[in-house]
Amino acid sequence: MRSTQFFLPTLRENPTEAQIVSHRLMLRAGLVRQTAAGIYAWLPLGFKVLKNIERIVREEQDATGCQEVLMPTIQSADLWKESGRYEAYGKEMLRIQDRHEREMLYGPTNEEVITDIFRNGAKSYRDVPKLLYHIQWKFRDEVRPRFGVMRGREFLMKDAYSFDLDKAGAKRSYNKMFVAYLRTFARMGLKAIPMAADTGPIGGDLSHEFIILAETGESAVFCDKSFTERDVLSMDIDYESDLEPIVKAWTTDYAATDEKHDAKRFETLAADRRLEARGIEVGHIFYFGTKYSEPLKAQVQAQDGQNVTLHMGSYGIGVSRLVGAVIEASHDDKGIIWPESVAPFRLGLINLKVADAACTKLCDDLYAKLGKAKVEVLYDDRDIRAGEKFAEMDLIGLPWQMVVGPRGAAAGKVELANRKTGEKVEISAEEALNRFTAAQGQ
Ligand code: ATP
Ligand code: MG
């Protein structure tokens with residue numbers, strides 16, 4: 001993409017409405033624009049990141065055998081009356097009336113709809129276990145939407161649901177999601193810590209929140225330092241095997257949000273192992289037994305001919321919140337620093353002097369070759385001051401910057417800079433090209 005063609009409305013000044021760094025940077029770097037309180041439009045740069053995050057979430061869900069579906073945003077109130085949650089959910093639910101005065105709602109979550117679909121489609125024990133997920137917009141009329149996409153009213157969520165014959169089966173499904181979540185967040189460069197959690201309005205008796213540490217997090221969290229030193233991506237995972245040992249290894253050390261905090265137990269840790277911080281919830285998983293399958297009569301016939309009520313779990317990831325969360329975890333005073341896995345472009349190609357024929361020729365050539373090799377590049381081909389280009393490139397945080405000036409171009413050289421480390425090397429244009437076209441996804 002050429003900057004002369006790209007729609008990238010950046011802001012020079014800090015927007016006054018933004019209280020936290022990710023919100024400020026998302027507005028300044030032209031990722032999103034608010035259209036109503038807690039409701040955001042995604043602009044080209046932000047939408048690319050959102051899709052990259054969504055892709056990682058999808059790949060890791062698929063790897064577990066969880067199958068993707070797509071349920072509507074608008075739901076009928078009838079199912080919620082059947083489950084008994086229509087009244088209980090309260091003002092966070094956006095209730096709508098259609099032209100026939102039927103009660104509808106904009107889905108804040110999907111337990112009822114998926115249970116209805118599943119009870120109509122599953123007949124026998126052979127139809128379980130099953131894991132289904134979708135990635136869909138939700139609406140919750142939050143009292144205080146704030147921090148940009150972190151606590152919006154309309155937001156994108158991945159929500160998965162599991163159906164099993166009994167509690168032991170449900171725990172196996174839970175474990176699959178637990179491990180998939182560890183991998184999902186790690187692939188985004190995040191250290192997400194699973195913490196025992198309250199089950200809230202979803203209900204149930206087993207639940208973990210996945211929390212990333214950030215000063216601006218909404219909840220106080222307490223954990224063993226060991227969580228910041230782990231690596232899940234180097235582990236070989238077979239989702240058909242028993243995952244309990246992995247889940248155990250990740251739930252034995254102390255980790256709790258303030259609601260579940262046990263100060264006495266925390267104090268038994270050596271002082272240098274205690275980590276007290278603030279955290280952002282990026283995912284939440286629940287096992288809730290028959291809470292929905294009971295009232296909605298989601299049953300299958302067991303081997304002995306008896307009807308059994310299914311055991312269920314639900315598993316959410318805040319896809320749009322993650323865009324903000326990644327920025328909270330990775331930025332400096334110049335702007336965003338995208339991890340390669342979610343970056344909107346892998347590199348920015350900066351033409352320092354568009355009027356210089358050799359400089360522009362080399363840039364155009366590099367751009368064409370990178371494009372051919374399917375490397376995502378933002379090519380700043382605008383005729384503006386070099387300082388402005390550098391500042392914008394730092395602000396939007398692409399992992400690599402390839403800088404071409406008239407002097408270097410004359411010698412066939414470019415400067416390659418790493419946004420995260422600040423390291424710069426002057427190398428031949430050819431070598432620079434090789435680095436991106438040869439070793440993809442380094
Ligand atoms: P929170 O405690 O932050 O209000 P929740 O417990 O109500 O979240 P869940 O029902 O567990 O949320 O939803 C699954 C995930 O969706 C959360 O872990 C979070 O990442 C994301 N999420 C929830 N509410 C919002 C929101 N208002 N804006 C953006 N993302 C959200
Ligand atoms: Mg939650």
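- Between H208 and F178, the gap from one ring centroid to the other is short of 6.0 Å.
- Interatomic distance, CG of L45 versus CG of L50, reported as 12.0 Å (0.5 Å rounding).
- For the residue pair Q5 / S3, no side-chain donor-acceptor distance below 3.5 Å is found, with atom types taken as modelled.
- Salt bridge R278/E215: absent, no basic N to carboxylate O contact under 4.0 Å.
- Here the CG-CG distance, from L347 to L416, works out to 7.5 Å after rounding to the nearest 0.5 Å.
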Problem - Verdict with reasoning, N52 to R55, per side-chain contact (heavy atoms from CB on, under 4.5 Å) - result: CA-CA 5 Å; N52 286 339; R55 174 180 46 77; 3.5 Å; yes
Show me the donor-acceptor pairs, under 3.5 Å and distance only, between side chains in residues 15-26 and residues at least two apart or in other chains.
| from | atom 1 | to | atom 2 | distance (Å) |
| --- | --- | --- | --- | --- |
| S22 | OG | E328 | OE2 | 2.6 |
| H23 | ND1 | G148 | N | 3.4 |

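- Between K389 and D381 no salt bridge is recorded (no basic side-chain N to carboxylate O distance below 4.0 Å).
- Going from atom CE of M402 over to atom CG of L378 covers 13.0 Å, rounded to the nearest 0.5 Å.
- Panel note: side chain N110, backbone V113; no donor-acceptor pair is recorded below 3.5 Å.
- When only modelled atom types and interatomic distance are considered, S207 and Y287 share no side-chain donor-acceptor pair under 3.5 Å.
- Note on ring orientation: taking the six-membered ring where Trp is involved, the planes of F288 and Y292 are perpendicular (angle over 60°, cut-offs 30° and 60°).
- Y40 does not carry R153 over the face of its six-membered ring by the limits of under 6.0 Å from the centre and within 45° of the normal.
- Ion pairing of K48 with E54 is absent here, as no side-chain N (NZ or NE/NH1/NH2) approaches a carboxylate O to less than 4.0 Å.
- Side-chain atoms of K413 never come within 3.5 Å of backbone atoms of V404 as a donor-acceptor pair (strictly under, hydrogens ignored).
- Under a 4.0 Å N-O distance rule, the pair R183/E60 qualifies as a salt bridge.
- Counted by atom type alone, D62 and Y133 present one or more donor-acceptor pairs between their side chains at under 3.5 Å.
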Exercise for the section: Could you walk me through whether M188 and I56 pass the side-chain contact (heavy atoms from CB on, under 4.5 Å) test, one step at a time? Expected result: CA-CA 8 Å; M188 296 168 194; I56 293 174; 4.0 Å; yes
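- Taking the six-membered ring for Trp and the full ring otherwise, F222 and F266 have centroids separated by under 6.0 Å.
- Of the N and O atoms on the side chains of Y367 and D365, not one donor lies less than 3.5 Å from an acceptor on the other residue.
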Practice task
Quick one: do L43 and L31 satisfy side-chain contact (heavy atoms from CB on, under 4.5 Å)? Show the steps, please.
Solution key: CA-CA 5 Å; L43 306 189; L31 269 58; over 6 Å; no
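- Judged by distance alone, the side chain of R140 and the main-chain N or O of M93 form no donor-acceptor pair under 3.5 Å.
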Exercise for the section: Evaluate the side-chain contact (heavy atoms from CB on, under 4.5 Å) criterion for residues K191 and L213: first the C-alpha distance (whole Å), next the side-chain angles of each, then the deciding distance (0.1 Å), finally the verdict. Expected result: CA-CA 8 Å; K191 288 190 191 300; L213 305 181; over 6 Å; no
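- Between R146 and E218 there is a salt bridge, with a side-chain nitrogen of the basic residue lying less than 4.0 Å from a carboxylate oxygen of the acidic one.
- Salt bridge status for K138 with E154: absent, with no side-chain N to carboxylate O gap under 4.0 Å.
- Classification of E59 and R187 as a salt-bridged pair holds, one side-chain N sitting under 4.0 Å from a carboxylate O.
- Side-chain rings of Y254 and F227 stay apart, their centers remaining 6.0 Å or farther from each other.
- Y181 pairs with exactly one of F210, W250, Y174 by the ring pair (Phe, Tyr, Trp, His ring centres under 6.0 Å) rule, that one being F210.
- When atom types are taken as modelled, the side chain of D98 and the backbone of R102 share a donor-acceptor pair closer than 3.5 angstrom.
- E431 and R435 are joined by a salt bridge, as a carboxylate oxygen and a charged side-chain nitrogen come within less than 4.0 angstrom of each other.
- Residues T360 and N351 bring a donor and an acceptor atom of their side chains to less than 3.5 Å of each other.
- A salt bridge between D253 and R230 is present, with a side-chain N of the basic residue lying under 4.0 Å from a carboxylate O of the acidic one.
- Salt-bridge annotation for E103 and R95: absent, with no side-chain N of the basic residue lying under 4.0 Å from a carboxylate O of the acidic one.
- A donor atom on one side chain and an acceptor atom on the other are not found under 3.5 Å apart for S219 and D258.
- A salt bridge links D332 and R419; the closest N-O separation between the charged side-chain nitrogens and carboxylate oxygens is under 4.0 Å.
- No donor-acceptor pair under 3.5 Å is formed between the side chain of R382 and the backbone N or O of V354.
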Exercise for the section: Check the pair F6, Y379 against ring-ring contact (aromatic ring centres under 6.0 Å, His included), reporting the backbone distance first and the verdict last. Expected result: CA-CA 10 Å; F6 196 43; Y379 171 20; over 10 Å; no
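- In terms of modelled atom types and a separation under 3.5 Å, the side chain of H331 and the main chain of I327 share a donor-acceptor contact.
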Handout entry: Check against salt bridge (charged side-chain N to carboxylate O under 4.0 Å, His left out), E92 and R151
Key = CA-CA 13 Å; E92 281 200 359; R151 184 163 297 285; over 6 Å; no
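- With 3.5 Å as the limit, one finds no donor-acceptor pair spanning the side chains of K130 and Q67.
- In terms of modelled atom types and a separation under 3.5 Å, the side chain of S162 and the main chain of G313 share a donor-acceptor contact.
- No donor-acceptor contact under 3.5 angstrom links the side chains of N418 and Q401, judged on distance only.
- Salt-bridge check for R85 with E111: passed, with a basic side-chain N closer than 4.0 Å to an acidic carboxylate O.
- W80 and Y89 have their aromatic ring centers within a separation under 6.0 angstrom.
- Between the side chain of S330 and the backbone N or O of I337, at least one donor-acceptor pair lies under 3.5 Å.
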